[in-house]
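Here's the structure we're looking at; comments come further down.
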Amino acid sequence: MTDRFETFATTIAFLSRSIQRIKAREMEAVGLKSGHVMCMYALGKAEGGLTAAELSRTSGEDKAAISRTVAELEEKGYVRLDVPADKRAYRSKIMLTEKGRETAAYIDRRADEALAAGSAGLTDAQRAQLYATLGQIAENLERYLQEGECGK
């Protein structure tokens, strides 16, 4: 009988490592770090830019990491801050520059290619079921953590 915990944990860990390796390889090609991927991807999908808080929620990265990433991306010319005179800087929108839009489009294309390779042999229905199942597991584990059931 297969050990469900071992199968689940090792498979998820393998997927996570593979994703990190793909991010690192693809970002090396454009002179960025793997930690920049989700920010660039999220900003590429947000027409009017995102605040740091929105970017944190959308990308799944914590606020401190977002702050560092945005500073690095701004320094390299991929993003700019849109700070209206009547708002505080931390509420400003983070916008992609032209260079940033080109890089976000590259990331989007490469992500599509990686996902196509990773899901080769699956039907659209199987792919949809996989994502629905993973989403449900993620929600269930988050609820488990929030309800304080860990360690009981």
Side-chain angles (χ1 to χ4, degrees), residues 1-73 78-79 81-82 90-152:
M1 181 171 172
T2 302
D3 183 328
R4 285 185 352 182
F5 172 73
E6 180 181 359
T7 300
F8 179 78
T10 56
T11 301
I12 295 298
F14 180 82
L15 288 170
S16 180
R17 283 191 305 274
S18 294
I19 291 166
Q20 285 307 112
R21 288 174 51 211
I22 292 167
K23 286 179 180 180
R25 183 181 70 194
E26 295 301 334
M27 290 301 88
E28 184 178 12
V30 293
L32 293 176
K33 298 177 188 171
S34 62
H36 297 135
V37 172
M38 293 311 296
C39 286
M40 293 292 292
Y41 183 82
L43 289 168
K45 298 293 182 188
E47 184 106 1
L50 297 168
T51 65
E54 292 168 334
L55 189 52
S56 177
R57 278 191 304 277
T58 304
S59 69
E61 301 288 340
D62 67 57
K63 291 178 186 175
I66 291 296
S67 180
R68 288 188 301 273
T69 297
V70 168
E72 291 169 1
L73 292 173
Y78 291 94
V79 301
L81 299 180
D82 185 19
Y90 69 88
R91 289 194 176 162
S92 62
K93 292 283 188 176
I94 302 157
M95 312 285 289
L96 290 174
T97 62
E98 182 59 33
K99 178 180 178 181
R101 282 190 292 281
E102 290 171 4
T103 303
Y106 168 81
I107 291 168
D108 193 45
R109 283 190 310 276
R110 297 302 289 160
D112 283 348
E113 291 171 16
L115 287 172
S119 63
L122 297 179
T123 65
D124 288 343
Q126 288 172 319
R127 192 175 299 107
Q129 184 61 55
L130 170 67
Y131 292 140
T133 301
L134 286 173
Q136 186 65 59
I137 291 170
E139 286 178 28
N140 291 346
L141 290 175
E142 184 62 27
R143 187 171 30 259
Y144 176 80
L145 290 166
Q146 289 177 353
E147 292 174 354
E149 294 180 20
C150 288
K152 286 188 179 179

- Show your reasoning for whether salt bridge (charged side-chain N to carboxylate O under 4.0 Å, His left out) applies to E72 and K33. CA-CA 10 Å; E72 291 169 1; K33 298 177 188 171; 3.7 Å; yes

Quick check for you: to the nearest 0.5 Å, what is the distance between [X] atom [atom1] and [Y] atom [atom2]?
X: L134; Y: I12; atom1: CG; atom2: CD1; result: 6.0 Å
X: M95; Y: E47; atom1: CE; atom2: CD; result: 8.5 Å
X: Y106; Y: M27; atom1: OH; atom2: CE; result: 6.0 Å
X: E26; Y: H36; atom1: CD; atom2: NE2; result: 15.5 Å
X: I22; Y: E113; atom1: CD1; atom2: CD; result: 11.0 Å
X: S92; Y: L81; atom1: OG; atom2: CG; result: 4.5 Å

- Note on the structure: In terms of heavy-atom contacts, M40 and A104 come closest through O-CB, 3.6 Å

- Message: Salt bridge or not between R109 and D112? Use side-chain N to carboxylate O under 4.0 Å.
- Response: no

- Task: Give the intermediate values and the outcome of side-chain contact (heavy atoms from CB on, under 4.5 Å) for residues S59 and I66.
- Result: CA-CA 9 Å; S59 69; I66 291 296; 3.5 Å; yes

When you measure from the side chain of [X] to the backbone N and O of [Y], does any donor-acceptor pair fall under 3.5 Å?
X: T97; Y: Y78; value: yes
X: E102; Y: K99; value: no
X: S18; Y: F14; value: yes
X: S56; Y: A52; value: no
X: T7; Y: D3; value: yes
X: T58; Y: A42; value: no

If you define the side chain from C-beta out and look only at heavy atoms, does anything of [X] sit under 4.5 Å from [Y]?
X: L43; Y: R101; value: no
X: D124; Y: R127; value: yes
X: E54; Y: K93; value: yes
X: D108; Y: K45; value: yes
X: M38; Y: T69; value: no
X: L73; Y: L32; value: yes
X: T103; Y: V30; value: yes
X: V70; Y: L55; value: yes

- Query: In terms of heavy-atom contacts, does CD of E98 have more than 12 from other residues, nucleotides or ligands at under 6.0 Å?
  - Reply: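 Enclosed: over 12 neighbouring heavy atoms sit under 6.0 Å from CD of E98.
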
- Can you list the steps and then say if Q136 with N140 is a side-chain contact (heavy atoms from CB on, under 4.5 Å)? CA-CA 6 Å; Q136 186 65 59; N140 291 346; 2.8 Å; yes

- For Q20 and S16, test the side chains for any donor-to-acceptor distance below 3.5 angstrom and give the result as yes or no.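 No - no donor-acceptor pair under 3.5 Å links their side chains.
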
